[in-house]
Amino acid sequence: MAHIAGEVHIDAPIGTVFDVVADSRNEPTYNPAMTRVELLTPEPIGTGTQFRAYMGKAGTPMLVELTTVERPHLLASRTTSSLMETSGTLSFTETDGGTTMRWDWQVRAKGWHRLLTPVFGLVGGKMEHSIWNGLKRHVESGRAS
């Protein structure tokens, strides 16, 4: 299993940052690897909400389930695909006039991909920094609703 953790400071109110992240349909606006996301369960978004997300040029499908939603401080989820299962938390704290968001993921590769676990940890960490810095740019630009 690979462990991926980090944090980013975003100059925006905690509620805004939380709401953008909690609705996975927003992710394609700040994560260029995410091609589209569909809501599978009825609104409002909360614990148990599920999304179908599609990644990369191949459009690899993933099921994203929100396992804990405690607005605006904690968001836990489990994401499964044919390659791996990722579970963990995003935590949100008001700091320095904005929001510090921390991520803490456990990534469990499936099948022969388990051999790539060390690579998932290294590459996944860099990808997470890129994704969440994309969120930072998106929210700070004022484009987030």
Side-chain angles (χ1 to χ4, degrees), residues 1-41 45-141 143-144:
M1 184 173 340
H3 179 242
I4 300 170
E7 68 179 49
V8 64
H9 179 79
I10 301 171
D11 291 323
I14 190 171
T16 299
V17 177
F18 184 92
D19 291 345
V20 169
V21 174
D23 188 342
S24 289
R25 294 173 293 182
N26 293 316
E27 191 164 345
T29 64
Y30 58 85
N31 178 0
M34 183 79 63
T35 55
R36 71 185 164 105
V37 179
E38 306 164 347
L39 179 64
L40 299 178
T41 53
I45 292 170
T47 300
T49 295
Q50 294 183 346
F51 301 90
R52 174 82 60 214
Y54 299 89
M55 288 290 287
K57 292 179 183 177
T60 303
M62 303 182 307
L63 179 65
V64 179
E65 180 180 1
L66 302 181
T67 56
T68 304
V69 177
E70 296 175 5
R71 185 182 190 278
H73 297 288
L74 181 68
L75 188 62
S77 66
R78 179 178 45 249
T79 301
T80 55
S81 73
S82 59
L83 302 176
M84 68 186 83
E85 181 174 304
T86 302
S87 60
T89 59
L90 295 169
S91 61
F92 304 81
T93 307
E94 290 182 270
T95 54
D96 300 326
T99 304
T100 297
M101 186 184 84
R102 292 178 178 86
W103 58 90
D104 190 347
W105 304 120
Q106 301 295 325
V107 181
R108 184 181 317 275
K110 294 181 178 178
W112 68 269
H113 296 102
R114 286 185 300 235
L115 299 172
L116 302 174
T117 296
V119 174
F120 283 146
L122 181 63
V123 173
K126 291 180 181 181
M127 287 177 58
E128 287 298 301
H129 278 281
S130 177
I131 291 166
W132 300 124
N133 278 306
L135 170 71
K136 174 182 174 68
R137 287 187 301 276
H138 176 70
V139 171
E140 289 178 356
S141 74
R143 293 179 300 206

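Atom set for the values below is all heavy atoms of this structure, side chains included, hydrogens, waters and symmetry mates excluded.
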**Prompt:** Does the pair Y54 and T60 meet the rule for a side chain to side chain contact (heavy atoms under 4.5 Å, CB included), with working shown?
**Reply:** CA-CA 5 Å; Y54 299 89; T60 303; over 6 Å; no
**Fill in**
d(Y30 OH, L135 CG) to nearest 0.5 Å is 5.5 Å
**Message:** Test side chain to side chain contact (heavy atoms under 4.5 Å, CB included) on I10 and T16; report intermediate values, then the result.
**Reply:** CA-CA 10 Å; I10 301 171; T16 299; over 6 Å; no
**Nearest-0.5 Å distance, CG of residue N26 to NE2 of residue H138** = 6.0 Å
**Request:** Find out whether Q50 and L63 are in side-chain contact, i.e. whether some heavy atom of one side chain is under 4.5 Å from a heavy atom of the other.
**Result:** yes
**Message:** Regarding E65 and R78, does a basic nitrogen lie under 4.0 Å from an acidic carboxylate oxygen?
**Reply:** yes
**Request:** Could you grab the distance from atom NZ of K126 to atom CD of E128, nearest 0.5 Å is fine?
**Result:** 14.0 Å
**Prompt:** Can a donor-acceptor pair be found between the side chains of H3 and D104 at a distance below 3.5 Å?
**Reply:** yes
**Request:** For residues G46 and V69, report the shortest heavy-atom separation together with the two atoms involved.
**Result:** C-CG2, 3.4 Å
**Request:** Could you pull out the closest heavy-atom pair between P61 and S81, with the gap in Å?
**Result:** O-CB, 3.6 Å
**Prompt:** What pair of heavy atoms forms the shortest contact from S24 to V64, and how long is it?
**Reply:** OG-CG1, 4.2 Å
**Request:** Specify the closest pair of heavy atoms between F18 and L75, including all atoms of both residues, with the distance to one decimal.
**Result:** CE1-CB, 4.0 Å
**Message:** Classify the ring geometry of W103 against H129: parallel below 30°, tilted from 30° to 60°, perpendicular beyond 60°.
**Reply:** perpendicular
**Item:** Validation row: L40, F51 side chains within 4.5 angstrom (heavy atoms)
**Value:** no
**Request:** Show your working on side chain to side chain contact (heavy atoms under 4.5 Å, CB included) between L66 and T47 and close with a plain yes or no.
**Result:** CA-CA 5 Å; L66 302 181; T47 300; 6.0 Å; no
**Item:** Straight-line distance of R25 CZ to E38 CD, nearest 0.5 Å
**Value:** 10.5 Å
**Asked** Hey, are the side chains of H9 and D96 touching, using non-hydrogen atoms and a 4.5 Å cut-off?
**Response** yes
**Prompt:** Do D19 and R71 come within less than 4.5 Å of each other through their side chains, counting heavy atoms only?
**Reply:** yes
**Request:** Quick one: pull up CG in L83 and CE in M62 and give me the separation to the nearest 0.5 Å.
**Result:** 10.0 Å
**Request:** Answer yes or no: is there a donor N or O on one side and an acceptor on the other, between the side chain of T99 and the main chain of I14, under 3.5 Å?
**Result:** yes
**Message:** Has T67 got a side-chain atom pairing as donor or acceptor with A76's backbone, closer than 3.5 angstrom?
**Reply:** yes
**Separation of E27 CD from M34 CE (nearest 0.5 Å)** = 3.5 Å
**Request:** Step by step, work out the side chain to side chain contact (heavy atoms under 4.5 Å, CB included) result for L90 and M101.
**Result:** CA-CA 7 Å; L90 295 169; M101 186 184 84; 4.1 Å; yes
**Asked** Is there side-chain contact between F92 and V21, with at least one heavy-atom pair below 4.5 Å?
**Response** yes
**Asked** Which pair of heavy atoms, one from K136 and one from V8, lies closest together, and at what distance?
**Response** CD-CG2, 3.9 Å
**Item:** For the student: nearest non-hydrogen atoms of T89 and W105, plus distance
**Value:** N-CZ3, 3.8 Å
